[in-house]
Amino acid sequence: MSTPYNPETVELAAQKHWTDARSFEVGEDPDKDKYYCLTMFPYPSGKLHMGHVRVFTINDVIARYHRLQGMHVLQPMGWDAFGMPAENAAIKRGVPPAKWTYSNIADMRSQFKRLGYAYDWTREITTCKPEYYRWEQWLFTKMFKKGLVYRKNSVVNWDPVDQTVLANEQVIDGRGWRSDALVERREIPQWFMKITAYADELLDELDRMPGWPDSVKTMQRNWIGRSEGVELSFDVVDEVEPLTVYTTRPDTLMGVTYMAVAAEHPLASKSAATNPDIATFIQECRQTDAQEATLETMEKKGMALGISAIHPLTGEEVPLWVANFVLMSYGTGAVMAVPGHDARDWEFAKKHDLPIRQVIAPTDGTEIDIEEAVYLERGVLVNSGDYNGLDFDGAFNAIADHFEKTGRGSRKVNYRLRDWGVSRQRYWGTPIPIIYCDECDAVPVPEDQLPVVLPEHVEVKGCGSPLKDMPEFVNAPCPKCGKDARRETDTFDTFVESSWYFARYACPDSDDAMLDDRTKYWTPVDQYTGGIEHAILHLLYSRFFQRVMRDEGLTDVSEPFTNLLTQGMVLKDGAKMSKAKGNTVDPAELIEKYGADTVRLFMMFAAPPEQALEWSDEGVQGSFRFLKRFWSAVVGHAGTGPAGDVDVNVLNDSQKDLRRKTHQTIAKIGDDIGRRRSFNTAVAAAMELLNAINKLADGSEAGRAVEREALEAVVVMLSPMVPHICHALWQELGHESALIDQRWPDVDENALALDLVEMVVQVNGKLRGRISVAVDAAKDAIEADALADENVQRFISGNDVRKVIVVPGRLVNIVV
RNA sequence: GCCCGGGUGGCGGAAUUGGUAGACGCAACGGACUUAAAAUCCGUUAUCCGAAAGGGUGUGCGGGUUCAAGUCCCGCCCCGGGCACCA
């Protein structure tokens, strides 16, 4: 009587073995090939959700696969512990954010352990601990000295009722989430990091990153948005200061029929002083949140200011407007408008009855009607005086030269990428290490006074940071002159913590440097796995920080992540699982019912990793059923005693077939996991092989030997996905040493050899028959066989055979 | 609005470099076992016509390239992710 599959017993025993043997704790071993395999660390929300299970399982499969390939694998885990949810919980329940966070971490850690991930827990990082964040404070002060950080005004969402700054997420339909008040744009001084100083490097290196998906690289390229254009100035009637604008289409300059400035622009304020309608309009423009999507989709509004600018080429006067879609903080706060050749300008001109002038014509001479449709292509200049007949490049250069000669403008490379604003007006984050002194202005906290520790015992009320009300935190002597001064109470954007944690895992306990020599061994990360939603911000900030650390002499590595896998979301009923929708599935319940292996297997089998995964309770049961079949197949086989080695000379055809299938499957699963990251097809291949083993049911000595070889291969190959059951079955097969220390099986090329191959015969591309031919058959012989097929004959009779295409080993297409 | 993905049976998906559309699994149906149910095992299953052999249609929609298109090109529709303070 064989033992039935009991997931809990099997899983706890396997986990105990790994813990006792410290299987996943790794040191630096220069004789071995290292493989650093990392997932984006989680925010400790307190409860594990299916998205976590998916991403961590994907990464665990890759980590365990590389270990089977003989590599020295590091897979660490930690906590992105600062952030808004802790403050929200504090407001709601009165628990201090630190206490809430630490208790969540403890809960989640034990849930992760139950899933059997191969983590080196000795390297755990928690970003809200001073030992961690002191080093980003340190780096910030270094950047300050290099001029890589600076302070300037920038816009925030201001809730006028709660008197507080809101995150974009807290703005719902333009209103504050708690107060329901209309949100306003407000400018306040904030700290910025000069990511634009690295824009070219961040852009150029994308061309040399074959391990990243093209989609992510394209998104980052577009985000950086390098453009070559001309910055030029328009004089303004009765003003001393000219208006400076940037354009990537200087060839359309003769088509400028109006200009627009931001509501906050000094020229707009000047008009508002004498015109109450304009004052009202400007006030309205402020009544919107600070999101780009809002700006791009809202109704484009504007008003004429009654001021004119002078066209720099024609001397003609063009009217100046104030518009809600121009922002003061981007570029110069002013734009030139070419309604004939810019979609937004065209619509705006139509709406406000502004003139539209065609200055570009299609190269092929086609006539267009500029009043009917905007023309966006590059073409030939018309209605442009001396520049008529020039193409884009000719006009660009001629006009740029003209401005450079007259000193009225110059060629300029521009980026869509803006510097990174890191100030947050929140409590639960890393304190920005700055002291404000009336004499010395903003002074960075000296190295020997770091870290600036965030007080953990506080009461969070919901309007503004509690730090502001703590004199023991705020009051500090100026590090330069010693006079009474005040600490910065803003904290860092939590993206700062996640921009360097991957390097710190190499040396989490280093207390005299941000990174030490161990980083040289482990970095860069070989495989990074995380959500596609981080394709731009987190990944770009991390690439930036890696370079800042490099230039600080902390590492030689420029790119932090060699290979990137972006996984899709977990959906239920077609929508993202969320508490609000009430469509969540609790992993803990499923683990209790079926075990961790079943949950892991379903996650890997249900969809390819990059795609969204539709949750299915039935599918989970199917995975459980497969594991039961797998268990009884191996236990059943082992129960009939040991099997000998395969003797290839005594195998009959069906034994040879199973052996071929075994070695085909070893090759396929290795390729699926190692190269394609196609875990769903890897599982399917293992299922097919198990089906074939069960079908053979051959009790002879040779049959049992072939079955044993196949079963051992399946146990090893499925172990990255379902490590616990495989650990137990490996023992069941009589092995003394643990599965975790095994190697991936080798493919026996001889077993793959085949005498006959089936080919498909098409007539005019339609399937009409199948023929079986020798693998090394000549083309002529294949052709003759194909033409001889009875059904094929029916379709070609009475027609001339015009052409025959033979694709070796695949098909024959007869064209009649 | 802009940038990036996706759309294939009743469902999740497979088809790796333009070469047999639907692997593997779920569900459903039929059968075996059972007093019965569950579990397990065997079989059928894109769709339409046909007793069968076989044939027609079919990868979101409309066009195109090719001996051959789920795959490449052009134009649409719908769904998802990101848009700089959710992480």
Side-chain angles (χ1 to χ4, degrees), chain A residues 40-43 45 80 82-85 156-157 165-171 190 213-223 225 290-298 300 325 343-344 416-426 493-495 498 531-538 540-541 566 568-569 571 574-576 602 605-608 610-623 625-626 628-629 632 668 671-672 675-676 678 680-681 683-688 691 694 758-762 764-767 770 791 794 802-805 807 810-815:
Chain A
M40 294 179 188
F41 65 167
Y43 178 81
S45 58
D80 190 12
F82 277 134
M84 281 206 314
V156 292
N157 301 307
V165 175
L166 298 179
N168 283 337
E169 172 185 72
Q170 298 170 316
V171 178
Q190 311 211 63
D214 288 336
S215 57
V216 174
K217 286 188 282 189
T218 307
M219 279 191 260
Q220 293 212 347
R221 262 185 216 110
N222 293 338
W223 185 260
Q291 297 181 61
E292 186 181 294
T294 310
L295 194 74
E296 293 282 337
T297 50
M298 72 187 174
K300 309 288 181 289
F325 55 85
R344 191 177 61 187
R416 208 188 72 95
L417 178 70
R418 306 193 301 260
D419 278 335
W420 178 12
V422 292
S423 297
R424 294 294 179 270
Q425 296 70 47
R426 283 180 237 297
D493 177 1
T494 56
F495 274 126
S498 57
I532 183 68
E533 65 272 22
H534 294 294
I536 296 173
L537 294 180
H538 162 61
L540 198 59
Y541 292 150
T566 51
M569 294 181 308
L571 310 178
K576 191 176 179 168
F602 174 71
F605 182 56
E610 298 87 351
Q611 277 177 38
L613 182 151
E614 177 66 31
W615 185 259
S616 156
D617 289 328
E618 293 79 20
V620 178
Q621 281 192 36
S623 295
R625 209 173 314 164
F626 170 75
K628 284 196 285 189
R629 268 206 312 276
S632 53
K668 167 146 180 76
D671 188 48
D672 277 355
R675 179 180 64 89
R676 299 175 65 208
S678 176
N680 53 331
T681 55
V683 174
M687 286 174 168
E688 273 189 63
N691 290 345
N694 285 335
E758 186 183 76
M759 286 179 72
V760 157
V761 186
Q762 297 178 335
N764 284 346
K766 294 205 179 210
L767 178 64
R770 289 162 201 279
N791 200 44
R794 284 207 308 141
R802 287 222 313 253
K803 198 172 172 186
V804 180
I805 291 138
V807 183
R810 287 196 176 267
L811 60 73
V812 181
N813 191 11
I814 301 161
V815 187

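Each chain gets a letter, A, B and so on, in the order its sequence line appears, and its residues count up from 1. What's counted below: heavy atoms across the whole structure, side chains too, no hydrogens, waters or symmetry copies.
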Is A:Gln220 reaching over with its side chain to a backbone N or O of A:Ala535, donor-acceptor style, under 3.5 angstrom?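 Side chain of A:Gln220 to backbone of A:Ala535, a donor-acceptor pair under 3.5 Å: yes, one is there.
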What nucleic acid atoms does [X] come within less than 4.0 Å of, heavy atoms only: base, sugar-phosphate, or nothing?
{"X": "A:Thr681", "answer": "sugar-phosphate"}
{"X": "A:Ile814", "answer": "nothing"}
{"X": "A:Arg221", "answer": "nothing"}
{"X": "A:Arg802", "answer": "nothing"}
{"X": "A:His534", "answer": "base"}
{"X": "A:Asp671", "answer": "base"}
{"X": "A:Arg810", "answer": "sugar-phosphate"}
{"X": "A:Ser423", "answer": "base"}
{"X": "A:Asn764", "answer": "nothing"}
{"X": "A:Phe626", "answer": "nothing"}
{"X": "A:Gln220", "answer": "nothing"}
{"X": "A:Ala606", "answer": "sugar-phosphate"}
{"X": "A:Pro42", "answer": "nothing"}
{"X": "A:Glu533", "answer": "base"}

Can you tell me if CZ on A:Arg416 sees more than 12 non-hydrogen neighbours from other groups inside 6.0 Å?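 Correct, the count exceeds 12.
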Can you check whether any acceptor in the base of B:U20 is under 3.5 Å from a donor in the side chain of A:Arg770, or vice versa?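 In this structure, the two groups form a donor-acceptor pair.
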Counting only distance, no hydrogens or angles, is the base of B:U16 paired donor-acceptor with the side chain of A:Lys668 under 3.5 Å?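 Per atom types, the contact qualifies.
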Using the side-chain heavy atoms of [X], tell me which of these nucleotides is nearest: [options].
{"X": "A:Val760", "options": "B:G81, B:A84, B:U20", "value": "B:U20"}
{"X": "A:Val815", "options": "B:U20, B:A14, B:C67", "value": "B:C67"}
{"X": "A:Glu292", "options": "B:G1, B:G19, B:G55", "value": "B:G1"}
{"X": "A:Phe605", "options": "B:C86, B:U20, B:G12", "value": "B:G12"}

Less than 4.5 Å apart, side chain to side chain, heavy atoms only: is that true for [X] and [Y]?
{"X": "A:Arg675", "Y": "A:Asp672", "value": "no"}
{"X": "A:Asn813", "Y": "A:Val804", "value": "no"}
{"X": "A:Leu613", "Y": "A:Met569", "value": "no"}
{"X": "A:Asn764", "Y": "A:Val815", "value": "yes"}
{"X": "A:Leu811", "Y": "A:Val761", "value": "no"}

Position toward the 5' end of RNA chain B (nearest nucleotide), A:Phe602 or A:Trp420: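 Its nearest nucleotide being more 5', the pick is A:Phe602.
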Nearest-nucleotide comparison on RNA chain B, the residue closer to the 5′ end among A:Gln425 and A:Glu688: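 Counting from the 5' end, the first nearest nucleotide belongs to A:Glu688.
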Ring-plane angle category for A:Phe495 and A:His538, please: parallel below 30°, perpendicular beyond 60°, tilted otherwise.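 Because their plane-to-plane angle is under 30°, the rings of A:Phe495 and A:His538 count as parallel.
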At under 4.0 Å, does any side-chain N or O of [X] touch on OP1 or OP2 of [N]?
{"X": "A:Asn813", "N": "B:U20", "answer": "no"}
{"X": "A:Asn168", "N": "B:A84", "answer": "yes"}
{"X": "A:Arg625", "N": "B:C41", "answer": "no"}
{"X": "A:Lys766", "N": "B:U57", "answer": "yes"}
{"X": "A:Ser215", "N": "B:G5", "answer": "no"}

Within this structure, what is the [atom1]-to-[atom2] distance between [X] and [N], rounded to whole angstrom?
{"X": "A:Glu758", "N": "B:U20", "atom1": "CD", "atom2": "C1'", "result": "9 Å"}
{"X": "A:Glu610", "N": "B:G5", "atom1": "CD", "atom2": "C1'", "result": "11 Å"}
{"X": "A:Met569", "N": "B:C4", "atom1": "CE", "atom2": "C1'", "result": "14 Å"}
{"X": "A:Asn222", "N": "B:A84", "atom1": "CG", "atom2": "P", "result": "16 Å"}

Whom does [N] pair with, Watson-Crick or G-U wobble, provided both distances fall under 3.5 Å?
{"N": "B:C83", "answer": "B:G1"}
{"N": "B:G25", "answer": "B:C11"}
{"N": "B:U57", "answer": "B:A46"}

For B:G62, decide between syn and anti, treating a glycosidic angle within 90° of 0 as syn.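 Base orientation relative to the sugar is anti.
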